[in-house]
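The structure under discussion appears below in the form of structure tokens.
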Amino acid sequence: MRQDHPRVAIVGTGNIARVHARALAAIAGQNEQTGQTGQAAPLVAVMDADERQLKSFGTEFGVGGVYRELADLLSHGRPDLVLVCTPPSSHGELALGCLRAGVSVLVEKPPTVSLREFDELAAADGGPEPPWFATVFQHRFGSGQRRLKALAASGVLGRPLVTICHTTWYRDQAYFDVPWRGRWDTEGGGPTMGHGIHQMDMLLDVLGEWTEVSAVARTQARETATEDLSLAHVTFANGAVASVVNSVLSPREETYLRFDFERATVEVTHLYGYGDDDWRITPAPGCEDEVLDAWKHAESGTPSGHAAQFRHVRDALASGRRPPVGPAEARRTMALVAGIYASAFTRAPVTPEELAPGTPFYRQMNGAQMNRAQA
Ligand SMILES: NC(=O)c1ccc[n+]([C@@H]2O[C@H](COP(=O)([O-])OP(=O)(O)OC[C@H]3O[C@@H](n4cnc5c(N)ncnc54)[C@H](O)[C@@H]3O)[C@@H](O)[C@H]2O)c1
């Protein structure tokens with residue numbers, strides 16, 4: 001079923017919802033496949049549990065339909081797609097409510113606070129037909145990442161060997177004053193789940209299936225129930241290995257990913273969002289012409305961000321396809337997060353198979369009963 005001008009609703013009208021509303025406005029009239037102009041994905045309704053937030057958002061963005069209840073938003077707003085922008089622990093229930101009403105959802109990261117909850121949502125996904133469940137991982141959609149992925153898949157870069165994936169960001173103690181932050185039950189974890197997840201998703205987007213992780217997690221400096229730092233070594237089915245850092249304790253903030261392939265090093269250095277100029281490629285001796293030619297002729301010109309992902313979502317819906325970052329891909333990233341916590345808590349390497357239904361780290365990211373002091 002094609003949805004040429006999908007009607008969009010937002011649930012949760014806080015900080016990131018404003019980024020969503022601006023991104024929807026920014027993509028209007030830019031359908032790259034059809035060349036159509038006009039408001040391609042109008043924001044028709046919003047919902048929030050907090051009346052004040054709801055009203056101020058509705059006025060700021062001129063949204064006609066403002067609702068306090070999900071059922072009212074769905075029945076009166078009649079959206080084709082709901083963007084879930086509430087705190088993490090509410091994603092599961094709200095997204096399930098949409099899917100069960102036959103409405104597709106694009107859920108902010110982390111899509112859920114546990115693998116168990118994730119699988120409940122995935123089970124309600126319509127598969128080849130809507131309703132669909134997809135996750136916001138906006139850094140997959142800048143041209144730099146898409147170019148790297150395309151070149152890696154083409155074979156021109158050779159085998160991936162070693163990768164660095166550093167999220168070294170800074171959040172002061174006041175950041176954790178927001179009630180849902182820094183708690184296992186409401187946020188599902190610390191910087192591994194909340195911040196580094198973006199970069200680990202980029203890593204997996206390029207390298208594919210992971211096979212084992214060994215990790216350490218610490219609460220070094222902040223008063224928080226979760227970790228404020230994690231370090232991990234990850235191995236991949238294709239033989240590559242990665243070194244991962246997820247920190248909110250790093251005064252000089254930086255996001256850094258480095259992929260050493262047989263035939264080139266590809267790096268990106270940025271903070272919160274990249275453009276083409278943030279990427280660098282260094283061919284191995286003897287590979288210069290072929291590698292640089294491929295790099296030069298691949299996709300370019302799109303910075304990472306919500307607008308970049310929303311263009312792909314809109315174009316997919318307009319041609320009757322499921323939006324990108326479907327359940328299988330988001331689950332792989334969520335499983336790596338769970339694997340890092342499982343390894344840190346149990347002080348042992350962890351494979352994806354050890355996170356199967358019924359296991360402690362499937363049920364909750366801290367393994368529920370595990371002693372935090374072991375992390
Ligand atoms: N993709 C990104 O780069 C990025 C960046 C920041 C935040 N996020 C994610 O966005 C989500 C929201 O973060 P935020 O900073 O905007 O939070 P926020 O606290 O600013 O806003 C959340 C809003 O949801 C409302 N809300 C809470 N529970 C609700 C419920 N059950 N039903 C309806 N409304 C409810 C609150 O009243 C509030 O208005 C989180 O999952 C966060 O991880 C993603």
Side-chain angles (χ1 to χ4, degrees), residues 9-23 45-61 63 65-74 77 82-98 105-114 117-118 121 134-142 167 169 171 174-202 226 246 248 253 255 270-274 303-310 313 325 330 333-334 337 365:
I10 292 179
V11 171
T13 54
N15 293 323
I16 205 65
R18 289 176 158 76
V19 175
H20 282 230
R22 286 186 209 110
V46 290
M47 175 252 174
D48 199 293
D50 181 310
E51 181 84 38
R52 206 168 46 85
Q53 287 271 42
L54 183 63
K55 285 207 167 131
S56 101
F57 189 96
T59 307
E60 185 178 340
F61 292 97
V63 186
V66 294
Y67 305 98
R68 294 284 302 278
E69 299 291 336
L70 183 66
D72 293 336
L73 173 101
L74 295 173
V82 171
L83 309 175
V84 177
C85 298
T86 55
S89 60
S90 55
H91 291 177
E93 191 184 334
L94 291 165
L96 206 52
C98 295
V105 282
L106 178 61
V107 183
E108 260 300 347
K109 64 82 200 161
T112 58
V113 290
S114 69
E117 221 183 11
F118 186 95
L121 280 188
T135 298
V136 175
F137 278 128
Q138 73 267 24
H139 299 305
R140 286 182 177 223
F141 296 92
T167 303
W169 294 0
R171 297 291 184 269
Y175 174 84
F176 292 95
D177 290 346
V178 173
W180 58 265
R181 291 210 180 112
R183 286 171 42 185
W184 293 105
D185 59 339
T186 51
E187 195 171 13
T192 315
M193 182 70 140
H195 306 84
I197 193 170
H198 282 297
Q199 283 62 250
M200 292 187 283
D201 181 68
M202 289 172 72
T226 66
N246 302 301
V248 284
E253 294 190 282
T255 303
H270 72 101
L271 188 61
Y272 308 150
Y274 62 77
S304 71
H306 286 77
Q309 179 162 0
F310 288 3
V313 171
V325 200
T333 301
M334 285 287 283
V337 171
M365 286 286 167

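Indexing begins at 1, ligand by ligand and atom by atom, following the structure's order. Nothing here was measured: the structure is a model prediction, and the numbers come from that model. Hydrogens, waters and symmetry mates are skipped; everything else that's a heavy atom, side chains included, is used. Along the sequence shown, residues carry numbers from 1.
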TODO: With the side chain counted from C-beta on, respond yes when F137 and I197 share a heavy-atom pair under 4.5 Å apart, and no when they do not.
DONE: yes

- [ ] Kindly confirm or rule out an N or O of D48 lying under 3.5 angstrom from an N or O of ligand 1.
- [x] yes

- [ ] Have a look at R52, E108, E51, K109 and point out the one with the heavy atom closest to atom 43 (O) of ligand 1.
- [x] K109

Open item on the list: Is there a polar contact between ligand 1 and V136, counting only N or O atoms under 3.5 Å apart?
Closed with: no

Open item on the list: Out of the candidates T86, D48, D50, only one should pair with T13 under the side-chain hydrogen bond (donor to acceptor under 3.5 Å, both in side chains) rule; please name it.
Closed with: D48

Open item on the list: Which residue and atom name correspond to the protein heavy atom nearest atom 34 (N) of ligand 1, and how close is it?
Closed with: A49 N, 3.2 Å

- [ ] Report yes if some heavy atom in the side chain of M193 is under 4.5 Å from a heavy atom in the side chain of M334; otherwise report no.
- [x] yes

TODO: Using a strict cut-off of 4.0 Å, indicate which atoms of ligand 1 neighbour a heavy atom of Q53.
DONE: 38 (C), 39 (O)

- [ ] Using distance alone, determine whether D50 and ligand 1 share an N or O pair under 3.5 Å.
- [x] no

TODO: Please report which non-hydrogen protein atom sits nearest to atom 20 (O) of ligand 1, along with the residue it belongs to and the distance in Å to one decimal place.
DONE: N15 N, 3.0 Å

Open item on the list: Minimum distance, heavy atoms only, to atom 11 (C) of ligand 1: which one of L83, V84, T86 is it?
Closed with: T86

Task: side chain to side chain contact (heavy atoms under 4.5 Å, CB included) partner of L83, the single match among I16, V136, I10 - done: I10

Task: Test item, P88 contacting ligand 1 (heavy atom, 4.0 angstrom) - done: yes

TODO: Output all residues satisfying ring pair (Phe, Tyr, Trp, His ring centres under 6.0 Å) with H198, sequence neighbours left out; order by chain, then residue number.
DONE: H139

Task: Protein contact of atom 21 (O) of ligand 1 - nearest heavy atom, named by residue and atom, plus distance - done: G14 CA, 3.3 Å

Open item on the list: Give the atom numbers and elements of ligand 1 that come within less than 4.0 Å of a heavy atom of H306.
Closed with: 1 (N), 2 (C)

Open item on the list: Can you confirm whether L106 sits close enough to Q309 that some side-chain heavy atom of one is under 4.5 Å from a side-chain heavy atom of the other?
Closed with: yes

Open item on the list: Among all protein heavy atoms in this structure, tell me which lies nearest to atom 3 (O) of ligand 1, with the distance rounded to 0.1 Å.
Closed with: Q138 NE2, 2.8 Å

Task: Within-4.5 Å side-chain heavy-atom neighbours: M200 and T192 - done: yes

TODO: Provide, to 0.1 Å, the distance between atom 31 (N) of ligand 1 and the closest protein heavy atom, together with that atom's residue and name.
DONE: S90 CB, 3.9 Å

- [ ] May I ask whether E187 has any heavy atom positioned less than 4.0 angstrom from an atom of ligand 1?
- [x] no

TODO: Answer yes or no: is there a side-chain heavy-atom contact under 4.5 Å between T255 and W169?
DONE: yes

- [ ] Would you indicate whether E253, at its atom CD, is surrounded by more than 12 heavy atoms from other residues, nucleotides or ligands within a distance under 6.0 Å?
- [x] yes

- [ ] Mark up the atoms of ligand 1 that fall under 4.0 Å of a heavy atom belonging to H91, in ascending order.
- [x] 41 (O)

Task: Atom indices of ligand 1 within 4.0 angstrom of M47 heavy atoms, with elements - done: 32 (N), 33 (C)

Open item on the list: Evaluate P87 for polar contact with ligand 1, using N/O atom pairs at a separation under 3.5 Å.
Closed with: no

- [ ] Fit a plane to each ring of Y175 and H195, take the angle between them on a 0 to 90° scale, and name the class: parallel (under 30°), tilted (30 to 60°) or perpendicular (over 60°).
- [x] tilted

Open item on the list: List the residues meeting side chain to side chain donor-acceptor pair (under 3.5 Å) with T135, not counting sequence neighbours, and say none if there are none.
Closed with: none

Task: Distance filter under 4.0 Å to H198 heavy atoms, resulting ligand 1 atoms - done: 1 (N), 2 (C), 3 (O)

Open item on the list: Which option wins on minimum heavy-atom distance to atom 7 (C) of ligand 1: L73, I16, T112?
Closed with: I16

Open item on the list: If we ignore hydrogens and angles and just use 3.5 Å, is the side chain of Q138 paired with the main-chain N or O of H306 as donor and acceptor?
Closed with: no

TODO: Among all protein heavy atoms, pick the one closest to atom 12 (C) of ligand 1 and tell me residue, atom and distance.
DONE: C85 O, 3.3 Å

Task: Structural part of W180 in contact with ligand 1, heavy atom criterion under 4.0 angstrom - done: side chain

TODO: Taking the side chain as every heavy atom from C-beta outward, state whether W180 and S89 have any pair of such atoms under 4.5 Å apart.
DONE: no

